[in-house]
Structure formats: C-alpha cells, structure tokens
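Counting starts at 1 for both ligands and their atoms, in listed order.
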Amino acid sequence: MTTTANQPKELWEAVLGDLQMHVTRPNFETWLKNTVGIAFRDGEFVVGAPNAFVAEMLEQRMYSLISLTAERVVKGPVEVRFQVLLSEEVDAADEPEDADDQRLTEAEPTGVLHPTFNPKARLTTLNTKYTFGRFVVGKSNELAHAAAEAVSNRPGEVYSPLVLYGAVGLGKTHLMHAIGHRAVANGLSLIYATTEEFTNEYIKAIGEGRTEEFRDRYRSTDVLLLDDIQFLIGKEQTQEGFFHTFNALHMTNRQIVITSDRPVSALTLLEDRIQSRLAGGLVVDIQAPDIETRLAILRAKAETINQDVPQTVLDFLAERIHKNIRELEGSLNRVVAYADLTGSLLDVELVKRAIDGLADPDEHRAILDYVVVDTVATHYGVDQQALKGRKRDKKTAQARQMAMYLMREDGNMGLTAIGRALGGKDHTTVAHGCDRIKTQLPVDAQLRRDLLKIREALAAA
Ligand code: ADP
Ligand code: MG
C-alpha cells in the first residue's frame, strides 16, 4: 500500500471526488461535503463529520458506497469510521438537553462535549459509537469492562490509573471512549488524547515556550484518557512531560485511564518510574473473544447497520476471524456491501467470494512476516536470504534476532511460526533471539534507535 498515516486529508478528498460522481448533488452537499479525513492507519479511515446526525446518516444510508469507494481509492480493505468534529461553534444552548438524554438512556450519545472541554485543543473527539451500551461483554473482556464501569461511576476514587491492555482491535479504545462519554455526561472535564497527539502537543509547546500552558491544561482536567501509551517508547522528552502530568493528576485524585498494546511489564523501554506508576494502578487485560462473544458482536453490528444477515453467514465469519474485532466487523461490512452492490443474495457462497484473500488471518500474517523481513533486512543492509540463512556475523545475527523480536512483540506470532518465517529455525532459537534483544535493549542505545527506526518504517509500510 502506498498510503501513509500522514495524508488522510488528501486521501479523503480523493474519495470525495469519486463519490461526487456517484451521488446526487443535494446529497453530496448535505451529507458529504463537510466531512474531512482525520486519520488513516491499519486499514481504518477515521472521517470527521460536522455533527452526530450527519455521521449517523452516512453510517446508515451510504456506508456501502463510501466504503467501497474508499477501498478503490486506497487500493485495499478499509474500515471507514465517522467521528463528530468538534468545532468552536458547538451550540452551547442545545447542550444541557443532549447531555441529559445521554445520562438517561446512554444508548445514543450526542457527541457534544461538556463546555469545560477546550474545543480549540483538538479536532477529534470521542467516537459516538464507542459507548458501554454498544460494548458486548464476554469472558475475554468482562474484567476490563467491569473496571471501566467502576472507574466511570466513581472517577478518581477507585482505581487510578486504570490501565487496559490487549492486542490490537480488541476494544481498548472503545472502552476508553465509553468511560469518556460517561464522564462527560456526568459533567466532568475530560481530555482524550492519543499518545501521538500528546507527544505532538508537548513538543510543540516546548518549541513555542508554552509548556506552562500545556501543563495547566492537562493538570486541570478531571479525567485524562491517554490511548496507546506504547508510543511513548523512545520519546524521552515526552516521557518527562507525561511523568509530571501524571503525578499532578494523581496527587489531586483525578482519573487517569491508559491503554497499551502490551502488558505493563513489557513496556521495558519506558522509564522505570513511569512503568512503576502504571503498575501501581489497576492493570487489566482484554483477551481475544471466544466464539459466543464473536457471534454476539456480529449480531449487534448487523443490527446497527439494519441488516438481516443469515445465521450461517454470521457463523462462518465468527469461525473464521477470531483475533481482531475490528477485522470481524470489517468483514461483515464488506460482505453486506458486496451483496448490496452486486445485487446478490447474502449467503455463505457470496461471503467466500467477498472476503477471500482479504480477511483471511493467515494471509494477513504472511504479509506481516514478509514485511518484517524486508524492512529489517533493508535497515541493516543485509540480504533477505542471509536473514533466513545461517550466517552468524554480528550484523546478520542481530538483524535476524531483531526480526524475531518484532514478529513476536508487534506481530503477536508464535515461536514456531516465526522460526518458519525465518527459514526454518527451531523455537528455542527464536526464543533465545527474542530474549537477547529484550535484554540488550535497556543497555544498548544504538539498538533502541534501530528498533525505533524499523518500527517507523514498518508503520509506513
Ligand atoms: P483497540 O483499541 O483495542 O485496538 P478498538 O477499541 O478500536 O480496539 O476496537 C476495534 C473495533 O472493535 C471497534 O470498532 C470497536 O467498537 C469494536 N469492538 C471491540 N470490542 C468490542 C465489544 N466487546 N463489543 C462491541 N464492539 C467491540
Ligand atoms: Mg485503540
């Protein structure tokens, strides 16, 4: 894929250009014109809509068309998500009513934030769909769900920080936003930031000599939601900023919620003092969902998009996609769109055609191995074949171990699978290679820089 995370705006404009030719002008003007591309990463395209109503309409009436158009433009599978843009013109007069509604029903959040939230601070905000009401609880996530509920009912009192960790696509961000919606409904001030946003703001504040302002803003919030803390790794300066923000909030009993794609004990590249602060909170994990939960999620999703999907189709998808809920949802969207556009009956045969080669988790994995091998080899300037071979000079050996480490840590691959991807190494060799990198990282600055560089290249790949 040639697209990268830093061009969502232009990409979305290309999608709009295409859409313009397929919808009537009034429709385009009313629903699509004022949308903007906010982020595009991991096949997820976040698009901002001016208000919750437009977001809802786009989601319910035009989803298939939008999603297929986006896939055509980016040349790959895409999950489009609509978020409400936060503008300075948020109509304060409408607000108390909406907030009340939300408190009572909580099923359909408004996306309107409490006035104390500083709208200038950030463009994106909570996803209107990520509520407790829409979160399907199963064995794999019941603990995390319960902790999130507890925290949002008694913020700052029970567990702070709350750290949610789990592999990608298992609902960490969803739960975090749910806490946010609840906090907003209860009149609390809130800052939600991805760790990337936090980092960018902090660096910018330093550059402009406005760190005081930065501090004040973060320190005055009731609830701080910081998503994907693993991105603090390697950013020493920002870690400093985070540490002080954290302490200030902690001392005044504010609620901090953090998500991470790995357990706190594996965040070895964060400063010890941060790691131990996180470990001092409540740390709960989310596991991959079992089959019942997967089915329940698919059923709920089919309902929200108003689709009657045969049980056999749901079974088929639930059986086939088990590690990532985003992919699970994406596959359903895809087959529904496919049936829509081709005017065919939605059955298992059609599903096989629609998702073949796209949502197959094994295929996904093959691509990942390949990308890791390629990226690592390029970074170290060694041959891919050497990486898969037996050469033992220092550079090749380190590159090989680095590839093992990345497949394990970032790709969640098993030792045997990694061995296979690297030309048939046995699992003890792989385990040793991963350990070797793990133990070297804290003491080898060059290795840390290498890891960072490679991760950046992987993110762009
Ligand atoms: P993560 O942050 O862990 O990568 P997300 O929170 O972004 O994952 O979840 C990925 C997608 O899966 C989102 O669309 C989210 O709404 C959905 N999802 C995850 N867990 C659940 C759940 N238990 N019930 C319903 N939807 C879920
Ligand atoms: Mg997330």
Do other residues, nucleotides or ligands put more than 12 heavy atoms under 6.0 Å from [X] [atom1]?
X: Glu303; atom1: CD; result: no
X: Tyr159; atom1: OH; result: no
X: Ile305; atom1: CD1; result: yes

Original post:
Is it true that Glu329 and Arg81 make a salt bridge, defined as a side-chain N closer than 4.0 Å to a carboxylate O?
Top reply: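 Counted as a salt bridge, because a side-chain N and a carboxylate O are separated by less than 4.0 Å.
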**OP:** Could you label the plane-to-plane angle of the His145 and Phe135 rings as parallel, tilted or perpendicular, counting under 30° as parallel and over 60° as perpendicular?
**Re:**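 Answer is parallel, since the angle falls under 30°.
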Original post:
What class does the angle between the rings of His181 and His177 fall in, given that below 30° is parallel, 30 to 60° is tilted and above 60° is perpendicular?
Top reply: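 Ring orientation of His181 relative to His177: perpendicular.
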**OP:** Ignoring hydrogens, just give me the one of His174, Glu142, Met176 whose non-hydrogen atom is nearest atom 6 (O) of ligand 1.
**Re:**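 Considering heavy atoms of His174, Glu142, Met176, the nearest to atom 6 (O) of ligand 1 sits in His174.
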Protein contact of [atom] - nearest heavy atom, named by residue and atom, plus distance:
atom: atom 7 (O) of ligand 1; value: Arg326 NH2, 2.7 Å
atom: atom 14 (O) of ligand 1; value: Glu329 OE1, 2.7 Å
atom: atom 13 (C) of ligand 1; value: Tyr130 OH, 3.4 Å
atom: atom 12 (O) of ligand 1; value: Ile325 CG2, 3.2 Å
atom: atom 2 (O) of ligand 1; value: Thr173 OG1, 2.7 Å

Original post:
Are Glu319 and Arg294 close enough, and set up right, to give a salt bridge (charged side-chain N to carboxylate O under 4.0 Å, His left out), and what steps lead you there?
Top reply: CA-CA 8 Å; Glu319 280 290 340; Arg294 300 203 294 276; 5.4 Å; no
Nitrogen or oxygen atoms of [X] and ligand 1 under 3.5 Å apart:
X: Ile297; result: no
X: Gly171; result: yes
X: Val136; result: yes
X: Gly169; result: yes

Side chains of [X] and [Y] only: does a donor on one sit below 3.5 Å from an acceptor on the other?
X: Asp261; Y: Tyr165; answer: no
X: Glu157; Y: Asn253; answer: no
X: Asp290; Y: Thr293; answer: yes

Original post:
Looking at ligand 1, does Arg81 have a heavy atom less than 4.0 Å from it?
Top reply: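 For ligand 1, residue contact (heavy atoms, under 4.0 Å) with Arg81 is present.
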Near [X], which atoms of ligand 1 are under 4.0 Å from a heavy atom of that residue?
X: Val168; value: 4 (O)
X: Lys172; value: 1 (P), 2 (O), 3 (O), 4 (O), 6 (O), 8 (O)
X: Asn141; value: 23 (N)
X: Arg134; value: 24 (N), 25 (C)

Original post:
N/O/S atom of Thr173 under 2.8 Å from the Mg ion (ligand 2), yes or no?
Top reply: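 An N, O or S atom of Thr173 is closer than 2.8 Å to the Mg ion (ligand 2), so yes.
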